[in-house]
There are 4 protein chains.
Amino acid sequence: MYCYLMTTTGRPAGPTEDTTTVVLTAALDLLLAEGAAALTAQRLHQATGVSRSTIYRHWPTPTAVLGALIEVAPSPPLEPTGDVSRDLHAEVDALCNRLRDKPVAAFLQALTAVAASDPDARELREQYVGDLLAPFRAVLRDAGLPSVAADDAVAAIVSPLLVDALLLGRPTARTRAHRMVDVQIAMVAR
Amino acid sequence: MYCYLMTTTGRPAGPTEDTTTVVLTAALDLLLAEGAAALTAQRLHQATGVSRSTIYRHWPTPTAVLGALIEVAPSPPLEPTGDVSRDLHAEVDALCNRLRDKPVAAFLQALTAVAASDPDARELREQYVGDLLAPFRAVLRDAGLPSVAADDAVAAIVSPLLVDALLLGRPTARTRAHRMVDVQIAMVAR
Amino acid sequence: MYCYLMTTTGRPAGPTEDTTTVVLTAALDLLLAEGAAALTAQRLHQATGVSRSTIYRHWPTPTAVLGALIEVAPSPPLEPTGDVSRDLHAEVDALCNRLRDKPVAAFLQALTAVAASDPDARELREQYVGDLLAPFRAVLRDAGLPSVAADDAVAAIVSPLLVDALLLGRPTARTRAHRMVDVQIAMVAR
Amino acid sequence: MYCYLMTTTGRPAGPTEDTTTVVLTAALDLLLAEGAAALTAQRLHQATGVSRSTIYRHWPTPTAVLGALIEVAPSPPLEPTGDVSRDLHAEVDALCNRLRDKPVAAFLQALTAVAASDPDARELREQYVGDLLAPFRAVLRDAGLPSVAADDAVAAIVSPLLVDALLLGRPTARTRAHRMVDVQIAMVAR
DNA sequence: ATTTAACCGAGACGGTACGTCCCGTCTTTAC
DNA sequence: GTAAAGACGGGACGTACCGTCTCGGTTAAAT
């Protein structure tokens, strides 16, 4: 990323901005429409007109494409209000929206599928899931909960959502998640 | 297509018993070692010596192999004692063991991976997950819990285990699951 | 060629007769029209409609194609009359015809070109040139000439023809070759 | 294209002397080691560190590289003594040496290989062979031989050497060539 | 014992995708 | 204007599977 020692001569390395946007846009479309298996150099070439060579040059593996996609599509963070209950409910809504509106669910499925054969993707997947859980954990930590209890609560709230999206392929159970938030808060209050 | 009148002569259809066991055994090994992508006719041929033609004849797709595998490896059902708490803890232990000892986690990952491209596998996957949840649901239903509440409790207990096995690739959090059982029972008791 | 130990089971190996004739016919055409560089799996596929895979299966390298071509296009041997002079002149005419009518000159050029990068072709080339010279050598040997003298004579007669065909790309100097035969016979007579 | 009026300012056109020598030296090495197919811009770049662009600028085709090589490696001409026999023997020795020490044989093979696909190379090849034969022809012409007879003699002497080097890939038959010289002189004397 | 249908192995064949390599052109940057 | 570095499109290469098929030979039940 950071080039401390610029070679100073020759054309700058890396794909043209054009190429980058065209390819990644098509990649996202393909991912949503057909899943991770479609993130092939071949398919990207067919979809974009960008030559196969060029794609291999800059994104040698489907995992690399996934990585680039995740990098350019970050989650807008929510601002905490300090009220634990309200914050958690807000986070649940945000996550449900992201899972419903596709990219996140698609990323998860893709990462799971690719991880079966590519260790790099395994790593990427764990980091991605971690990033999804982080805001929840932060809210509970800020509320003074000890680490283990916070993790338990996060798991109870978020896991069912992920399982719905990933394993059962059905819309996430938003209302159940909200109930679960209340339960966890009641637990903690005691 | 429809054989109303079975011609009684000739050799009975279907693979030799030998062939079946040899192929499915190798298939399980391959699945555990390399994931669903290895359940190819090609790979099974290489692993077993059984000819590629034969494999295509009896298991035309990887999903068919997966289905056959799941069929021959059923879960031994636990006998309920009537004590809800004890039964739930027992089920948690049983599920954790099955997830730890591999086949189940591998099946889940395989089904998720294959489901990306094969609708048949999608169906198979949902049924498989349903079968995993069923015993829990049964215990809580038998205890007189209403349907929605039972589903919530099952989700809270089981989902984190599945997420651990599937998405985070780490050993399942057995003790947390047991804590969660106690929490859910306490909730219900109120 | 000769299968003493037939595997007795499974489909017989080797390309279908159809495939063989279609491919080799096209190969000869390509060779004459564009030289050895055209004996690619790719080109043969384009020219015949036979799939690239099939061609690679049976003739993995251009050298293999050349070898097959040479095998199916043998030189009809001349019958010796016993008169050395007449026989040599006849052989010169035969060779000139074969060089003029293409295949042989094309084979030589092809073998030379391919030999630059494929040792197998080197071997094939030497054998092929040897076969071209053999009849001349045979005539002179039968006439009782010692080996070295025969080789000298053959070289003097044939080499200029080969050089014309190969290096100068011009019609072979048939009349000079006949003069050379007379000269060599005169030499020997002395 | 046509510069009637040379603009006297700016850097003089053409490659740096450094570049030229570095590239052509490497080209010769590559030619001797791997044949004409290695005279690629790519390979020359790898071998020299000179950038691919630069090489394309000055030697757009492999044939151009070959041409430049031939230009810078001229044959040191022998001085005629006037004695036909001695001069011919000297020329035979000189040619055999050049064929043995590689460059010339390599040039011939390279030119033959390239000529298959590049007409320019064909021309170059014929000129090159002509230059190889010229000294012999000169000696015999100076001795008063008519054109046709001289050509016959040259062919008889030189062709076997070329065939050895090119087609049979074996050391040239130097002693036979000397014998052939004597024979030709004897012939002429009669 | 014969039928007879199905088994099984070996492999040809067309087809698609893969990942790599090279080619020739070009653009950007520095000297 | 030389030179370097590299993007880019294009094409071929050789490999690997895939799914279908066509041969052969074998096996096991029912007649």
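Chain letters run A, B, ... following the sequence lines, proteins first, then strands; residues in each count from 1.
Between Leu39(B) and Ala27(B), the shortest heavy-atom distance links the atoms CD2-O, 3.5 Å. Contact record, Ala37(C) with Thr40(C): O-OG1, 3.3 Å, taken as the closest heavy-atom pair.
Applying the 4.0 Å criterion to OP1 and OP2 of dC8(E), one finds that His58(B) has a side-chain N or O inside that range. Taking only side-chain nitrogens and oxygens, Thr19(A) comes nearer than 4.0 Å to OP1 or OP2 of dC8(F). Note on Thr40(C): every side-chain N or O is 4.0 Å or more away from OP1 and OP2 of dA12(F).
Between Ile70(C) and Leu111(C), the closest side-chain pair of non-hydrogen atoms falls below 4.5 Å. Looking at heavy atoms from C-beta onward, Arg125(C) lies in side-chain contact with Thr112(C) at the 4.5 angstrom threshold.
Residues Pro60(A) and His45(B) each lie close to DNA chain E; by heavy-atom proximity, the contact nearer the 5' end of the strand is made by His45(B). The 5' end of DNA chain F is approached more closely, in terms of each residue's nearest nucleotide, by Pro62(C) than by the other of Pro62(B) and Pro62(C). Comparing Gln42(D) and Gly49(C) by the nucleotide of DNA chain E that holds the closest heavy atom to each, the one mapping nearer the 5' end is Gly49(C). If you find the closest nucleotide of DNA chain F to Ser53(C) and to Ser53(A), the one lying nearer the 5' end belongs to Ser53(A).
Ile55(D) places its CD1 atom 15 Å from the P atom of dT2(F), with the value rounded to the nearest Å. At whole-Å resolution of the value, CZ in Arg11(C) and P in dC13(E) are 6 Å apart. Per the geometry, CG belonging to Asp18(A) stands 15 Å off C1' belonging to dT28(E), to the nearest Å. Atom CD in Glu17(A) sits roughly 15 Å away from atom C1' in dA7(F) (whole-Å rounding). The separation between Leu44(A) atom CG and dC8(F) atom P is 14 Å, rounded to whole Å.
Distance from the side chain of Gln46(A) is smallest for dA17(E) among the nucleotides dG14(E), dA17(E), dC8(F). Relative to the side chain of Arg52(C), the nucleotides dC13(F), dT29(E), dC8(E) differ in distance, and dC13(F) lies closest. Side-chain proximity of Tyr56(D) to the nucleotides dC13(E), dA5(F), dT25(E) is greatest for dT25(E). You'll find that the side chain of Thr54(A) is closest to dG9(F), out of dA7(F), dA4(F), dG9(F). Residue Arg57(C) places its side chain closer to dA12(E) than to any other of dA12(E), dA4(F), dG6(F).
Residue pairs meeting the side-chain hydrogen bond (donor to acceptor under 3.5 Å, both in side chains) criterion with at least one member in residues 56-67 of chain C, sequence neighbours excluded, are Thr63(C)-Asp118(C).
Distance alone, capped at 3.5 Å, is enough to place a donor-acceptor pair between the Arg122(A) side chain and the Ala115(A) backbone. Listed for the Ser51(A) side chain is a donor-acceptor partner under 3.5 Å among the backbone atoms of Ser53(A).
Annotation: proximity of residues 21-39 of chain C to DNA chain E (heavy atom, distance under 4.0 Å) is found for no residue.
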